[in-house]
Amino acid sequence: QVQLVESGGGLAQAGGSLRLSCTASGRTLSNYRMGWYRQAPAKVREFVAAITWSDGVPVYGDSVKGRFTISKDNAKNTVYLQMSRLNVEDTAIYFCNAERTVAGFQVADGWGQGTQVTVSS
């Protein structure tokens, strides 16, 4: 199982920006998709963004399209989530996620511990 360590959460004002980082270890990531989910109080966990490690193709949840950007650094085994134009609805615990591609399907292979993002109005 891949190990994931997140950093970069905190407090931001509405309209501001934050960047989250997630560093992976324990696996070669060539057949992985790395991403972010978030969970606000009393809400289900929501997909935010993901990036395929082999070709760098990103995908975004509808609520963050145009505001968040996911990227990766191969040398550091790190995926980033640049969050811009934040609003109070972005307040949540953000979890890094690793999915391994097996026979064309994505299989969850690890979760980070979560990092709190709080946006004030």
For this session: Look up atom OH in Tyr94 and atom CZ in Arg38, then write down how far apart they are to the nearest 0.5 Å.
Result: 4.0 Å
Exercise. Is a side-chain N or O of Lys72 found less than 3.5 angstrom from the main chain of Tyr80, in a donor-acceptor match?
Worked result: no
Problem set entry | Ala24 to Leu29 - nearest heavy-atom pair and separation | CB-CD1, 3.9 Å
Problem set entry | Point-to-point distance, once rounded to the nearest 0.5 Å, from OG1 of Thr28 to CG of Asn77 | 8.0 Å
Exercise. Side chains of Tyr32 and Ser30: closer than 4.5 Å at any heavy-atom pair?
Worked result: no
For this session: Determine, step by step, whether Arg33 and Ile51 satisfy the side-chain contact (heavy atoms from CB on, under 4.5 Å) criterion, reporting the C-alpha distance in whole Å, the side-chain angles of both residues, the deciding distance to 0.1 Å, and the verdict.
Result: CA-CA 6 Å; Arg33 189 175 83 162; Ile51 187 166; 5.9 Å; no
Problem set entry | Distance in Å, Ser71 OG paired with Leu81 CG, rounded so as to fall on 0.5 Å steps | 8.5 Å
Exercise. Does a donor on one side chain sit under 3.5 Å from an acceptor on the other, for Thr78 and Thr23?
Worked result: yes
Exercise. Is the distance between the ring centroids of Tyr37 and Phe95 less than 6.0 Å?
Worked result: no
Exercise. When you measure from the side chain of Gln82 to the backbone N and O of Arg19, does any donor-acceptor pair fall under 3.5 Å?
Worked result: no
Seminar exercise, completed: Scanning both residues in full, the closest heavy-atom pair of Leu4 with Gln113 reads O-OE1, 3.8 Å
For this session: Flag the pair Ile70 / Tyr60 as yes when at least one side-chain heavy-atom distance between them is below 4.5 Å, and no otherwise.
Result: yes
Exercise. What's the verdict on side-chain contact (heavy atoms from CB on, under 4.5 Å) for Cys96 and Val79, showing C-alpha distance, side-chain angles and the deciding distance?
Worked result: CA-CA 9 Å; Cys96 182; Val79 62; 4.1 Å; yes
Problem set entry | Taking every non-hydrogen atom, the tightest pair across Ala40 and Ala92 | N-CB, 3.8 Å
Exercise. At what distance, to the nearest 0.5 angstrom, does OG1 of Thr52 lie from CD of Glu99?
Worked result: 9.5 Å
Exercise. Stepwise, does the side-chain hydrogen bond (donor to acceptor under 3.5 Å, both in side chains) test hold for Ser63 with Glu46?
Worked result: CA-CA 10 Å; Ser63 61; Glu46 175 190 18; 2.9 Å; yes
Problem set entry | Result of checking Thr118, Thr91, Val119 against Leu86 for side chain to side chain contact (heavy atoms under 4.5 Å, CB included) | Val119
Exercise. Just wondering, are more than 12 heavy atoms of other shown residues or ligands nearer than 6.0 Å to CD in Gln116?
Worked result: yes
Problem set entry | Path from Phe47 to Met34 over hydrophobic side-chain contacts below 4.5 Å | no
Exercise. What's the shortest heavy-atom distance between Arg85 and Arg67, and which atoms?
Worked result: O-NH1, 3.0 Å
Exercise. Roughly how far apart are Phe68 CZ and Met83 CE, rounded to 0.5 Å?
Worked result: 5.5 Å
Exercise. Which is it for Leu20 and Val117 under the side-chain contact (heavy atoms from CB on, under 4.5 Å) test, yes or no, and what are the steps along the way?
Worked result: CA-CA 9 Å; Leu20 305 182; Val117 171; 4.0 Å; yes
Exercise. Which heavy atom of Leu18 sits nearest a heavy atom of Gly8, and at what distance?
Worked result: CD2-O, 4.3 Å
Exercise. Side chains of Thr101 and Gln106: does their closest heavy-atom pair fall under 4.5 Å?
Worked result: yes
Exercise. From Glu6 CD over to Thr115 OG1, what is the distance, rounded to the nearest 0.5 angstrom?
Worked result: 6.5 Å
